[in-house]
Amino acid sequence: MYKEQAGRSICVNLKMSSIEIGKKTFVIIFGALLNAIGMNLFLIPANVYASGFVGVAQLLSGIVSKFTPIVLSTGMLYIVFNIPIVILGWRKIGKSFTLFSFVSIAFMTLFLEMVPVLTLSHDIMLNAVFGGVILAIGSGLTLKWGASTGGMDIIVMILSRVKERPLGTYFFTLNSLIILTAGAVYGWEKALYTLVGLYASSRVIDMIHTRHVKLTVFIVTKNGAALRKAIQSCLVRGITTLPATGAFTNEQKEMLMIVITRYELYAIERIINEVDPKAFANVVHTESVLGLFRKE
């Protein structure tokens with residue numbers, strides 16, 4: 001029997017355990033390693049530039065080394081650029097997100113210093129595509145697990161919450177300055193290859209990071225009141241209720257309709273299994289949402 005405090009206990013159970021925190025930390029560190037590999041083995045040797053602040057750090061490091069005797073590493077510039085952005089993320093997005101983002105930034109800086117800069121291929125197109133895809137996998141995994149690689153990731157996360165659009169769109173738009181600067185300094189051929197790499201990155205990020213994807217869940221249940229209470233205690237989502245009748249049994253039931261993000265589907269599944277395992281749920285893709293929909 002579902003008890004009055006069950007909704008609260010379910011929400012507690014939905015919080016991350018120490019094992020889940022360990023998994024999340026491992027994925028974030030692995031994403032940081034992928035980013036460093038994509039940079040030092042593909043993009044940096046070919047003078048093709050990454051997206052975001054790591055691309056800015058890479059570009060500035062190259063310009064300073066080219067025109068002055070000063071040597072500034074990409075990793076150190078990257079962490080310096082991220083200090084004010086981490087503060088912004090702490091205020092606008094949340095402490096957990098920012099703390100895990102800082103882990104990603106710190107390990108990416110470390111790996112950028114540890115992984116040697118090697119030329120695996122002299123084909124600029126291969127370097128642009130493989131480097132862009134590897135960086136996108138690293139960034140996409142980090143974003144999917146509730147963190148970021150810092151810099152522009154945090155900025156576009158804030159923009160994505162204000163305007164419900166795919167993150168890759170913002171990455172591609174906001175990186176135009178990097179493309180123009182690379183073209184002015186190293187020639188427009190380099191800029192075009194950078195554009196190819198950024199396009200590959202934006203597509204892969206949208207494939208991995210799917211928070212902007214909306215789903216509509218229809219739940220047919222005999223325990224509607226308890227299920228509504230449990231869902232609303234865990235998720236800040238509106239629920240529409242409709243009367244439902246079983247065609248075969250003629251049994252009176254209730255249908256709940258709720259629009260969620262794809263990342264909230266796991267929580268909904270756990271709530272249904274806890275409150276009413278015999279409920280029938282139909283999950284459909286939602287093309288767009290008009291009207292009030294909480295974006296946090």
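Positions are given from 1, in the same order as the sequence printed here.
Between Ile137 and Val133, some side-chain heavy-atom pair lies under the 4.5 Å cut-off. Contact of the Thr216 side chain with the Val283 side chain is not registered, since no non-hydrogen atoms from C-beta on lie closer than 4.5 Å. Residues Leu135 and Met39 are in side-chain contact: their nearest non-hydrogen atoms beyond the backbone lie under 4.5 Å apart. Using a 4.5 Å heavy-atom threshold, the side chains of Lys214 and Ile260 count as separate. No side-chain heavy atom of Leu118 sits less than 4.5 Å from a side-chain heavy atom of Pro45. The shortest side-chain heavy-atom distance between Ile134 and Phe42 falls under the 4.5 Å cut-off. Side-chain contact between Arg237 and Val259 is absent, with no heavy-atom pair separated by less than 4.5 Å. The shortest distance between side-chain heavy atoms of Pro243 and Gln252 does not fall below 4.5 Å.
Leu120 and Val115 fall within the same hydrophobic cluster, defined by Ile, Leu, Val, Met, Phe, Trp and Tyr side-chain heavy atoms under 4.5 Å apart, directly or through other members. Both Phe107 and Ile21 belong to a common hydrophobic cluster when Ile, Leu, Val, Met, Phe, Trp and Tyr are linked at side-chain heavy-atom distances under 4.5 angstrom. A single hydrophobic cluster is not seen to contain both Met255 and Val275; linkage of ILVMFWY side chains at heavy-atom distances under 4.5 Å, directly or through other members, places them apart. Grouping the Ile, Leu, Val, Met, Phe, Trp and Tyr side chains by contacts below 4.5 angstrom, directly or via other members, places Ile83 apart from Phe102. By the rule that hydrophobic residues join a cluster once side-chain heavy atoms approach within less than 4.5 Å of another member, Leu41 and Val117 end up as members of one cluster.
A donor-acceptor contact shorter than 3.5 Å links the side chain of Ser233 to the backbone of Ala230. In terms of modelled atom types and a separation under 3.5 Å, the side chain of Asn273 and the main chain of Glu269 share a donor-acceptor contact.
Ile29 CD1 to Leu34 CG: the interatomic distance, rounded to the nearest 0.5 Å, is 12.5 Å. From Arg228, atom CZ reaches atom OG1 of Thr221 across 9.5 Å, with rounding to the nearest 0.5 Å. Leu43 contributes atom CG, which lies 10.0 Å from atom CG of Asn35 (distance to the nearest 0.5 angstrom). Taking OG1 of Thr142 as the reference point, atom NZ of Lys24 lies at 10.5 Å (rounded to 0.5 Å). For the atom pair Leu242 CG and Ile219 CD1, the distance stands at 12.0 Å (nearest 0.5 Å). Rounded to the nearest 0.5 angstrom, Lys253 NZ and Lys278 NZ are separated by 10.0 Å.
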*Yes or no on side chain to side chain contact (heavy atoms under 4.5 Å, CB included) for Val86 and Ser101, after CA distance, side-chain angles and deciding distance?*
CA-CA 8 Å; Val86 167; Ser101 297; 5.9 Å; no
*Show the numbers, then the answer: is there a side chain to side chain contact (heavy atoms under 4.5 Å, CB included) between Thr25 and Phe100?*
CA-CA 7 Å; Thr25 304; Phe100 280 109; 3.6 Å; yes
*side chain to side chain contact (heavy atoms under 4.5 Å, CB included) evaluation trace for Ile105 with Ile79*: CA-CA 7 Å; Ile105 294 167; Ile79 198 168; 4.0 Å; yes
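Judged by distance alone, the side chains of Asn127 and Ser121 never bring a donor and an acceptor atom under 3.5 Å apart. Glu251 and Thr245 are not linked by any side-chain donor-acceptor pair at a separation below 3.5 angstrom, with hydrogens and angles left out of the test.
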